[in-house]
Every structure is written in C-alpha cells, then in structure tokens.
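A short worksheet on the structure shown next.
Note on naming: letters A, B, ... go to the chains in the order of the sequence lines (proteins, then strands), and numbering restarts at 1 for each one. Just the heavy atoms: all of them, side chains too, but no hydrogens, waters or symmetry mates, feed the values below.
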Protein chains: 2
Amino acid sequence: MNAPQMTRNQALVFDVLEKAEGPLSAYTILDKLRDQGFRAPLQVYRALEKLLEYGVVHRLESINSFVACAHPGENCHSHGIVAFAICESCGQVIEFHDHEVDHRLMGWVRSQKFKPAKTTIEIRGTCEACAA
Amino acid sequence: MNAPQMTRNQALVFDVLEKAEGPLSAYTILDKLRDQGFRAPLQVYRALEKLLEYGVVHRLESINSFVACAHPGENCHSHGIVAFAICESCGQVIEFHDHEVDHRLMGWVRSQKFKPAKTTIEIRGTCEACAA
DNA sequence: TCAATTGCGTTATGCTATAACGTGTGCAAT
DNA sequence: ATTGCACACGTTATAGCATAACGCAATTGA
C-alpha cells in the first residue's frame, strides 16, 4: 500500500505523530488537534486507520499508542516485520528490524500452515539513558 | 516467580481460563464467574495480576485477552520469550518458543544496552484449519 | 499488642475503541 | 447533465477495557 494523497485530517494526525517525541494515544492526539477543529475520537481513529494502511504509522499494541514510522518517505510494509523497544521510563521508542527473527518466525508459520496477517514484536523495558 | 498457594479468586479465574478453548477478556471471565459471587472487574484483574506473576497465565496484548499457559504445572517464565499465533477466525491460540528468536532479540537488546522487562511476540492471522 | 502486609469487596471513574446515522464532494458511466 | 458510487467527514451514542480510592478482614512477625 502506497500513500496516495493524505486528506487534511490524515495530514494533521500524521504531523502530530511526526513531531512527537514518542508514541501518542488516540485521545492525546485528539487533544492536540482540538484547535484545528477536531472534536471526536473517530476523527482520529479514522485517520489513523488510513495512516496504518499507508505504512507511515505503527500501532504499539502493548501500550495502545501510535507512532510515526522511523523511515520517513519509505513504506514500512516493505521492511519485513517491525520490532519495537519501548522505554517505560522516558517513553521513547526504538524501531528496528531483524531479518533472522523474521526468518525464524516465518519458518514456524509455514511449518504450521498458519497464514500471518499482522505480527507484533514489542520489548518493553528501560533504555540506556534511563537505566543509569 | 513460583506459584505459592492460589487464593480462591485466583483459582476460580485460572480455572475458567484453563477450561476455555481460547483467550478470554477480563469482562468475559467476570461474566463466567458471576455465579461464584464475582461482581466487579477488579476482582478479575487482581487475580489476573497474580496469575501473570506466577507465570501460569499470559496476556495477549494485541487482543486485550488472557490465556492459560500451555505448560501445565511448569512455570512459563523459564521458557524464554513466549510467542503466540492467534487465529482471528476461530480464536485459537498456539503458544510457542524459539530460542533463536530469543537469541537475536536479546542480542539486539544488549547491543543497545536496553533493559528488557517484558517482551511480546504475537502473530495474528488464520490457522490451518480456518484457512481452508 | 502493634504494625505491616495481603487479599478482598465496592463504588466510581477514566481510558480506549467502534456502531450507526447522516452530509457533502468528486468522479465516472450512461 | 444526471445518476450512482465511493469516500471522507462530522456527530451522537455506546461498548469495551482498566484502574483509583476507600474501607474491611485475616495473617504474620517483631
């Protein structure tokens, strides 16, 4: 899925996520966009749904939040499985990819004839800076 | 963490999860335990919290649900990272472990000096039976 | 005995997400 | 041009998930 032209709402939501230092919840995004006319959660969720489709935003399942993809311009769907390290102290998220992990998981999936749709890898803990 | 003696509430919740065919949400568990005197979500959540500590129950972050550990009697915390394949059609969950995946993720974590606390690997898709 | 800990019950509340309805706009086919 | 469709949007209402804060009771150990 490639990003066609973003609508106004999609662009606003994406902009908020890009400028954020870490992941944001849908309701936090909503609050940040009240001045631009946002009034209801659905406005955010609908935009997020599209941004996820376009591959420019990721959803962090373990913390019910959303984050802009770390590869500006590119489509993250082409990088294989995306993994995240989430610092529970400062909130920062590091996005990374490991082909060997992909390979192992896809191997297992094939051996089970399981058809994967969406895979989540999230490591919650403490980043180097916060571990001090 | 080893399971000491379960309290009545913990045992009731665990029992429901063990007998279930798939993962259950906290509120579903609550409904199933109304006859045993459960009245409020917190009764379930508090029990779940302990069962997670004991390592006999897992939380599926991507579907806000809970499932009994697939290794009856053992403590799942000793098996390394636990991964799940979740069938979005029939709801069944397959729990598995892959040491190579663990190894790769832990390697990345060490290289980043990131201190992991809890790692989630969940593959949502369609199981063999449902793929037909 | 006293204090600390742990589990429990209850009420209230907050956060996350979607259903269902209707409106407007752009665009393609007739 | 008109019709029909697809899509984004706005709004209200509601469903689903999770925890805060209070108080009580039982247990334990100093």
Does OP1 or OP2 of [N] have a side-chain N or O of [X] closer than 4.0 Å?
| X | N | result |
| --- | --- | --- |
| A:T7 | D:dC7 | no |
| A:Q43 | D:dG10 | yes |
| B:R8 | C:dG9 | no |
| B:N64 | C:dT16 | no |

What's the [atom1]-[atom2] distance between [X] and [N], to the nearest Å?
| X | N | atom1 | atom2 | answer |
| --- | --- | --- | --- | --- |
| B:F38 | C:dG7 | CZ | P | 14 Å |
| B:L30 | D:dT19 | CG | C1' | 15 Å |
| B:R46 | C:dT6 | CZ | P | 14 Å |
| B:Q36 | C:dC8 | CD | P | 15 Å |
| B:Y27 | C:dT16 | OH | P | 14 Å |
| A:L42 | D:dC7 | CG | C1' | 14 Å |
| B:R39 | C:dG7 | CZ | P | 23 Å |
| A:F14 | D:dA8 | CZ | P | 17 Å |

Checklist line | Heavy-atom side-chain proximity of B:Q112 to A:I94 below 4.5 angstrom | finding: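 Answer yes - side chains close enough.
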Margin query: Given A:F38, which partner from the list A:I29, A:D31, A:V13 fulfils the side-chain contact (heavy atoms from CB on, under 4.5 Å) test?
Written below: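 Among the candidates, only A:V13 passes.
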Check: What nucleotide among D:dC9, C:dT16, D:dA18 has an atom nearest to a side-chain atom of A:N9?
Finding: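 Of the options given, the side chain of A:N9 lies nearest D:dC9.
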Check: Which one, D:dA18, C:dG7, C:dT11, comes nearest to the side chain of B:Q10?
Finding: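 Ranking D:dA18, C:dG7, C:dT11 by closest atom to the B:Q10 side chain puts C:dG7 first.
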Checklist line | Pi stacking test for B:Y45 and D:dT19: under 5.5 Å apart, planes under 30° | finding: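 No; by the centre-distance and plane-angle rule, B:Y45 does not count as stacking on D:dT19.
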Margin query: Are there over 12 heavy-atom neighbours, none belonging to A:K115, within less than 6.0 Å of that residue's NZ?
Written below: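 Counting other residues, nucleotides and ligands, NZ of A:K115 stays at 12 neighbours or fewer.
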Next item on the list: Evaluate the ring planes of B:W108 and A:F96, with Trp represented by its six-membered ring, and classify them as parallel (under 30°), tilted (30 to 60°) or perpendicular (over 60°).
Entry: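 Ring orientation, 0 to 90° scale: parallel.
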Next item on the list: Could you tell me whether A:R46 and A:E49 have a side-chain N and a carboxylate O separated by less than 4.0 Å?
Entry: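 Salt bridge absent between A:R46 and A:E49.
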